[in-house]
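This report concerns only the one structure given below.
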Amino acid sequence: MPDTQHAPPDRILIIGCGAIAREILALKEANGWDHLDLTCVPAIYHNHPEKIPGAVRELHAKHHKAYDRIDVAFADCGTGGLLQNVCDELGMAMIAGPHCYAFFQGAAAPPPEDDMTAFYLTDFLVRQFDAFVWKPLGLDRHPELRDMYFSHYERLIYLAQVPDPELDARARDCAQRLGLAFERRETGFGGLADWMATRATPA
């Protein structure tokens, strides 16, 4: 009779957004989830959500034979329900909600989409502001476009995952460059930590 009490936990793979890879790995290390691995969809797909469902499908096809379970560390993230369809088809769980801004804040906070005057950044987007915001919008070449893109925004809200004075200063600089008032909210890992704790538990 197998010793189920001391059986090794299921091998679990998380297919994650590259924009939250640092946070997922930090949670894995802090909780000793050695049975859990991470592979990521390129973070730049943050700007091309139509590519996310296909990329997740490809990673599942590549890795599913090596794992007992695969889950997806994405919210909808602009896929219009297509990512949920892929997850339902392949039996994978994903994070509830529209995007990472919402799950970092947690269910108790007003959803970001209820405030159309706020522009949100996370730790990752503060670090990658030029690559993911400034250059893709052409502001490095045409700074006069700033007022056209951001005229309806009033403030930049920085959702801080970790206390870091350097990131705080960079976030303030991002707000200044966009001509927006600055607000900092320390969210920690928010709903991501709760979801990870649930999914890291063997089935």
Side-chain angles (χ1 to χ4, degrees), residues 13-25 37-64 70-90 92-105 111-153 156-159 161 167 170-171 174-175 177-178 180 187 189-192 195-196 199:
L13 178 67
I14 299 294
I15 298 175
C17 173
I20 59 171
R22 182 188 293 253
E23 288 75 20
I24 292 172
L25 291 174
D37 294 327
L38 171 68
T39 188
C40 285
V41 171
I44 195 61
Y45 285 13
H46 183 275
N47 290 349
H48 302 280
E50 73 279 1
K51 296 182 178 181
I52 295 172
V56 168
R57 183 185 292 277
E58 289 177 8
L59 287 172
H60 180 276
K62 179 179 179 180
H63 294 290
H64 76 277
I70 299 179
D71 292 320
V72 176
F74 275 94
D76 181 74
C77 296
T79 69
L82 295 179
L83 180 57
Q84 183 69 67
N85 292 343
V86 170
C87 290
D88 290 346
E89 176 190 340
L90 298 175
M92 299 183 291
M94 59 182 280
I95 304 174
H99 38 58
C100 61
Y101 312 126
F103 67 66
F104 274 134
Q105 285 202 122
E113 56 269 25
D114 281 1
D115 185 355
M116 302 302 292
T117 68
F119 184 75
Y120 286 80
L121 294 179
T122 62
D123 286 4
F124 175 86
L125 289 172
V126 169
R127 293 187 184 96
Q128 301 295 332
F129 182 77
D130 284 343
F132 279 70
V133 179
W134 199 254
K135 291 181 180 179
L137 291 177
L139 296 173
D140 57 325
R141 302 178 303 280
H142 301 286
E144 69 277 6
L145 294 175
R146 183 194 72 175
D147 292 340
M148 180 180 74
Y149 288 140
F150 293 93
S151 61
H152 66 288
Y153 291 110
L156 182 149
I157 298 178
Y158 168 37
L159 305 177
Q161 280 74 75
L167 285 179
R170 291 171 67 173
C174 293
R177 290 166 68 182
L178 295 177
L180 303 176
T187 66
F189 296 157
L192 176 64
W195 183 84
M196 286 287 296
R199 303 316 303 167

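Since this is a predicted model, take the numbers as computed values, not measurements. Residue numbers count from 1 along this sequence.
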Are any of the side-chain heavy atoms of [X] and [Y] separated by less than 4.5 Å?
X      : Y      : answer
Glu23  : Asp123 : yes
Trp195 : Ile14  : yes
Leu137 : Val133 : yes
Arg22  : Phe124 : no
Tyr153 : Leu178 : no
Thr187 : Phe103 : no
Val56  : Met92  : yes
Leu125 : Tyr120 : no

To the nearest 0.5 Å, tell me how far [X] [atom1] sits from [Y] [atom2].
X      : Y      : atom1 : atom2 : value
Cys77  : Ile95  : SG    : CD1   : 8.0 Å
Thr79  : His48  : OG1   : NE2   : 15.5 Å
Gln105 : Leu159 : CD    : CG    : 5.0 Å
His99  : Phe74  : NE2   : CZ    : 14.5 Å
Met94  : Arg199 : CE    : CZ    : 12.5 Å
His60  : Thr39  : NE2   : OG1   : 13.0 Å

Check the angle between the aromatic planes of His46 and Tyr101 and answer parallel, tilted or perpendicular using the 30° and 60° thresholds. perpendicular
For the residue pair Asn85 and Glu89, confirm or rule out a side-chain donor-acceptor distance under 3.5 Å. no
Where is the tightest heavy-atom contact between [X] and [Y], given as atom of each residue plus distance?
X      : Y      : value
Ile24  : Ala73  : CD1-CB, 3.7 Å
Gly16  : Leu38  : N-CD1, 4.0 Å
Ala43  : Phe132 : O-CE2, 3.1 Å
Thr122 : Cys100 : CG2-SG, 4.3 Å
Lys135 : Arg141 : O-NH1, 3.8 Å
Leu83  : Pro53  : N-CG, 3.9 Å

Is the backbone of Gly80 close enough, under 3.5 Å, to the side chain of Asp76 for a donor and an acceptor to pair up by distance? yes
Backbone N/O of Leu139 and side chain of Arg146: donor-acceptor pair under 3.5 Å: no
List the steps and the verdict of side chain to side chain contact (heavy atoms under 4.5 Å, CB included) for Ile70 and Ile15. CA-CA 7 Å; Ile70 299 179; Ile15 298 175; 3.6 Å; yes
Under the criterion side chain to side chain contact (heavy atoms under 4.5 Å, CB included), I'd like the reasoning laid out for Phe129 against Arg177: C-alpha separation, chi angles, the key distance, then a yes or no. CA-CA 11 Å; Phe129 182 77; Arg177 290 166 68 182; 3.7 Å; yes
Do you know which of Leu13, Val72, Val41 makes side-chain contact (heavy atoms from CB on, under 4.5 Å) with Leu59? Val41
